[in-house]
Amino acid sequence: PSDFDTRQTRLQSLLIKALSSDPNSAMANFVMSQHVYNQVYDMEEILRDMKEDTPAEQTKKKTFATKLDQKYEDLFTYSLKAYDLYSQNLNAETKPNCRKVVNQLITYYQKKKQGDKVNFYQEKLSGLQ
């Protein structure tokens with residue numbers, strides 16, 4: 001939509017408000033992780049399309065890559081918190097969301113090139129089927 005950035009900012013502030021009132025809300029952490037995951041996806045697409053023909057473009061791409069790395073850290077924070085909360089009370093209702101956050105954790109650890117953690121969460125994912 002034409003007001004995409006405004007909606008994203010509003011959603012972000014509402015999620016932060018929800019998490020500040022209840023930081024142990026599995027649903028709020030889950031929704032925030034989904035929000036951040038979507039941002040990561042969009043940022044990766046933008047980064048792939050950036051050119052590095054000039055030193056200014058190289059600097060811009062490096063700065064953007066740093067922002068993307070921070071967004072991955074945000075993804076990790078919310079995904080891990082949601083996973084911890086869901087795994088404490090896993091049931092038929094929470095299992096689909098738990099699978100999604102485990103996939104997000106796998107994505108995070110693949111980005112960080114930590115194969116042992118990728119394998120760990122892939123095993124967790126297998127147990128959630």
Side-chain angles (χ1 to χ4, degrees):
S2 60
D3 63 343
F4 179 78
D5 292 335
T6 304
R7 289 181 187 205
Q8 289 292 302
T9 302
R10 184 164 189 267
L11 175 60
Q12 180 91 18
S13 67
L14 290 172
L15 288 169
I16 289 171
K17 185 177 179 180
L19 285 165
S20 67
S21 71
D22 184 5
N24 291 317
S25 166
M27 184 55 75
N29 278 284
F30 169 71
V31 174
M32 181 62 99
S33 76
Q34 291 292 107
H35 172 64
V36 173
Y37 187 73
N38 289 335
Q39 290 176 325
V40 163
Y41 179 83
D42 292 343
M43 290 175 78
E44 284 183 336
E45 192 171 304
I46 291 167
L47 190 61
R48 274 191 300 276
D49 292 342
M50 288 179 138
K51 298 186 184 330
E52 294 183 51
D53 298 337
T54 66
E57 289 170 341
Q58 290 173 359
T59 301
K60 183 178 176 182
K61 188 170 184 175
K62 187 180 275 189
T63 301
F64 195 80
T66 300
K67 289 179 184 179
L68 177 59
D69 287 342
Q70 180 54 53
K71 197 55 73 172
Y72 264 104
E73 294 305 317
D74 294 344
L75 174 66
F76 173 72
T77 299
Y78 297 113
S79 297
L80 185 62
K81 182 71 171 185
Y83 171 74
D84 289 343
L85 293 167
Y86 281 136
S87 62
Q88 292 172 11
N89 187 24
L90 197 59
N91 58 48
E93 186 178 308
T94 61
K95 203 180 237 189
N97 291 352
C98 190
R99 278 195 295 266
K100 288 179 183 179
V101 294
V102 169
N103 276 315
Q104 292 167 357
L105 289 166
I106 290 169
T107 299
Y108 171 81
Y109 284 116
Q110 286 171 333
K111 169 79 172 165
K112 296 297 180 179
K113 296 178 176 36
Q114 295 183 11
D116 58 329
K117 294 286 190 173
V118 170
N119 293 336
F120 174 81
Y121 283 105
Q122 285 174 337
E123 288 177 20
K124 294 290 185 186
L125 187 60
S126 299
L128 290 170
Q129 302 305 329

Same cluster or not: are F30 and I16 linked, directly or through other Ile, Leu, Val, Met, Phe, Trp or Tyr residues, by side-chain heavy atoms under 4.5 angstrom apart?
-> yes

Exceeds 12 heavy-atom contacts within 6.0 angstrom, atom NZ of K67 | no

In one Ile/Leu/Val/Met/Phe/Trp/Tyr side-chain cluster, 4.5 Å: V101, M27 | yes

Residue pair I46, D49: steps toward the side chain to side chain contact (heavy atoms under 4.5 Å, CB included) verdict = CA-CA 5 Å; I46 291 167; D49 292 342; 5.9 Å; no

Between S21 (side chain) and A18 (backbone), is there a donor-acceptor pair under 3.5 Å?
-> yes

Other residues, nucleotides, ligands: >12 heavy atoms within 6.0 Å of F64 CZ | yes

Pairwise side-chain contact, P1 with F4, heavy-atom cut-off 4.5 Å (strictly under) = yes

Mind listing the closest non-hydrogen atom pair of P23 and K81 along with its distance?
-> O-CE, 3.4 Å

Are L85 and L105 in one and the same hydrophobic cluster, where Ile, Leu, Val, Met, Phe, Trp and Tyr link if side-chain heavy atoms are under 4.5 Å apart?
-> no

If Ile, Leu, Val, Met, Phe, Trp and Tyr residues are connected whenever their side-chain heavy atoms lie under 4.5 Å apart, and connections chain through other members, are Y41 and M32 in the same group?
-> no

Non-neighbouring partners of K60 that pass side chain to side chain contact (heavy atoms under 4.5 Å, CB included), sequence neighbours left out = M50

Any Lys/Arg nitrogen of K62 or E52 sitting under 4.0 Å from an Asp/Glu carboxylate oxygen of the other?
-> no

N119 and Q122: CA distance, side-chain angles, deciding distance, side chain to side chain contact (heavy atoms under 4.5 Å, CB included) verdict | CA-CA 5 Å; N119 293 336; Q122 285 174 337; 3.5 Å; yes

Out of curiosity, does L47 fall in the hydrophobic cluster containing Y108 (side-chain heavy atoms, cut-off under 4.5 Å, transitive links)?
-> yes

Is a side-chain N or O of N29 found less than 3.5 angstrom from the main chain of N24, in a donor-acceptor match?
-> no

Shortest non-hydrogen pair, A28 vs L19, comes out as CB-CD2, 3.6 Å

Apply the test side chain to side chain contact (heavy atoms under 4.5 Å, CB included) to residues L128 and L90: give CA-CA distance (whole Å), side-chain angles for both, the deciding distance (0.1 Å), then the verdict.
-> CA-CA 9 Å; L128 290 170; L90 197 59; 3.4 Å; yes

Pairwise distance CD(Q104) to NZ(K100) - rounded to 0.5 angstrom = 9.0 Å

Whether over 12 other heavy atoms sit under 6.0 Å from K71 NZ = yes

Between the CD atom in E44 and the CG atom in D42, the distance rounded to the nearest 0.5 Å is 10.0 Å

Find out whether L15 and V31 are in side-chain contact, i.e. whether some heavy atom of one side chain is under 4.5 Å from a heavy atom of the other.
-> yes

Measure across V40 and L68 and return the closest heavy-atom pair with its distance rounded to 0.1 Å.
-> O-CD1, 3.9 Å

Tell me, yes or no, whether the heavy-atom count around K117 atom NZ, taken from other residues, nucleotides or ligands under 6.0 Å, exceeds 12.
-> no

M43 side, atom CE; D69 side, atom CG - distance, nearest 0.5 Å | 9.0 Å

Side chain proximity check, Y37 to T107, heavy atoms < 4.5 angstrom = yes

Of E57, K51, Q58, the residue whose pairing with T54 passes side chain to side chain contact (heavy atoms under 4.5 Å, CB included) = E57

Have D74 and Q70 got a donor and an acceptor in their side chains that come within less than 3.5 Å?
-> yes

By ring pair (Phe, Tyr, Trp, His ring centres under 6.0 Å) - contacts of Y121 (at least two apart) | Y83, Y109

Please indicate whether Y72 has more than 12 foreign heavy atoms, meaning atoms of other residues, nucleotides or ligands, lying under 6.0 Å from its OH.
-> yes

